[in-house]
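Beneath this line is the structure, given in structure tokens, with notes to follow.
Below, chains carry the letters A, B, ... as their sequence lines are ordered, and counting in each starts from 1. Side-chain atoms are counted along with the backbone in the values below, which use heavy atoms only and exclude waters and symmetry mates.
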Number of protein chains: 2
Amino acid sequence: MVVYGSADEAADHLFHALADATRRDIVRRCMRDELSVSRLAQAYPMSFAAVQKHVAVLERAGLVTKRRHGREQLVRTAPEAVRRARRVLDELEATWRGRVDRMARLLGQDPEPGEDSPTKGQEK
Amino acid sequence: MVVYGSADEAADHLFHALADATRRDIVRRCMRDELSVSRLAQAYPMSFAAVQKHVAVLERAGLVTKRRHGREQLVRTAPEAVRRARRVLDELEATWRGRVDRMARLLGQDPEPGEDSPTKGQEK
DNA sequence: CCCATATACAACCATTTAGTTGTATGTTAG
DNA sequence: CTAACATACAACTAAATGGTTGTATATGGG
């Protein structure tokens, strides 16, 4: 799974978090209101602990934040979250059509996968 | 990993495929040119078979297509691919601010996670 | 104070992933 | 034809995932 600089790691976490229907649903729900974890848990056919873990994954990816209110933990989708994911996709396109391609040609080395940036430092 | 109707499944595959830096890099490279699998493999610090598998994951997600040319298999990023991923993100927002919320209120039932559409078909 | 609720977290299990190696099958260049 | 190359695919391993149950710790209401 390679190590990667924090840039790639952030994208890894983001997309990984979105790659599960339950988590996407949590994101949707928590865009409208703040919901406690137990409230959320009631909505899915799985244990409280399982939902707790899903929320943790979303939190690690920066897609939601938690805020304590009394004895409950209110979950809310980070306002900028989905937008941020979209930006990563944009960069995915941009990296190619702009920077990399152009720079490689300027340097006179053809921009093909000869041996450059083997996954590692790519745009980190 | 649960069954899901094909709609969610497609999103699962899409985001899962994007949740790996090597695969994102393959997507970038193959937007510019068509590249053979072995050509791609040279670019990463892993075996040919490993890269082959990454390409398979991308293919399953509809992010790239393969086309035979002689003895090589040329990989190319699906033109519409990234755009499609972005659309899923848009829907993620839209579902909330438009449809679900509004409909639920119209129906007079509060749109909270009581038990409605628990991600649907989540029962494995 | 006592209890029910809301969360946290550890331990465990089954499945998937990401990688490996090894072998088989096509295809093209000589 | 044959050798070298490009791919396909099976089998195996280590680690990560997604889920479970069980236990511990806060907190709020009466």
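Rounded to an integer number of Å, the gap from A:Leu58 CG to D:dG18 P is 11 Å. What separates CZ of A:Arg60 from P of D:dG18 is a distance of 9 Å, to the nearest Å. Note: CG (A:Leu35) to P (C:dT7) measures 11 Å, nearest angstrom. As a whole-Å value, the separation of B:Arg24 CZ from C:dA18 P is 12 Å. When rounded to the nearest whole Å, the span between CD of A:Glu59 and P of C:dT7 equals 13 Å. Atom CG in A:Leu40 sits roughly 13 Å away from atom C1' in C:dT7 (whole-Å rounding). Rounding to whole angstrom units, CD of residue B:Gln52 and P of D:dC5 are separated by 17 Å. Whole-Å rounding puts the A:Asp20 CG to D:dA16 P distance at 18 Å.
A close approach under 4.0 Å does occur between a side-chain nitrogen or oxygen of A:Ser47 and OP1 or OP2 of D:dT20. Remark: B:Ser38 is in phosphate contact with D:dT7, judged by side-chain N or O atoms under 4.0 Å from OP1 or OP2. Residue A:Ser36 places no side-chain N or O under 4.0 Å from the OP1 or OP2 atom of C:dA6. Close to C:dA18, at under 4.0 Å from its OP1 or OP2, lies a side-chain N or O of B:His16.
For the helix from C:dC1-D:dG30 to C:dG30-D:dC1, the terminal axes (five pairs an end, C1' atoms, rotation from four pairs onto the next four) enclose an angle of 30°, given to 10 degrees.
Ion pairing of B:Arg87 with B:Asp90 is absent here, as no side-chain N (NZ or NE/NH1/NH2) approaches a carboxylate O to less than 4.0 Å. A salt bridge is absent between A:Asp33 and A:Arg29: the closest approach of a Lys/Arg side-chain nitrogen to an acidic carboxylate oxygen does not fall below 4.0 angstrom.
Between the CG atom in B:Leu58 and the OG1 atom in B:Thr65 there is a gap of 11.0 Å [rounded to 0.5 Å]. The CG atom of B:Leu40 sits 4.5 Å away from the SG atom of B:Cys30 when rounded to the nearest 0.5 Å. With rounding to the nearest 0.5 Å, the separation of CG in B:Asp12 from CG in A:Asp20 is 6.5 Å. If you take CD1 on B:Ile26 and CG on B:Leu63, they are separated by 11.0 Å, rounding to the nearest 0.5 Å. Atom CD of A:Glu59 and atom CD of A:Gln52 lie 10.5 Å apart (nearest 0.5 Å).
Candidate nucleotides D:dA8, C:dT20, D:dT17 were compared by shortest atom distance to the side chain of B:Lys53, and C:dT20 ranks first. The B:Ala49 side chain lies nearest to C:dT21 when the options are C:dA8, C:dT21, C:dA18.
Within residues 65-79 of chain A, the residues that have a heavy atom under 4.0 Å from DNA chain C are, in order of number, A:Lys66, A:Arg68, A:Arg71, A:Glu72, A:Gln73.
Of the candidates B:Arg24, B:Arg28, B:Arg86, B:Arg86 is the only one forming a salt bridge (charged side-chain N to carboxylate O under 4.0 Å, His left out) with A:Glu93.
Within the 3.5 Å criterion, the main-chain N or O of A:Gly62 finds a donor-acceptor partner in the side chain of A:Arg84.
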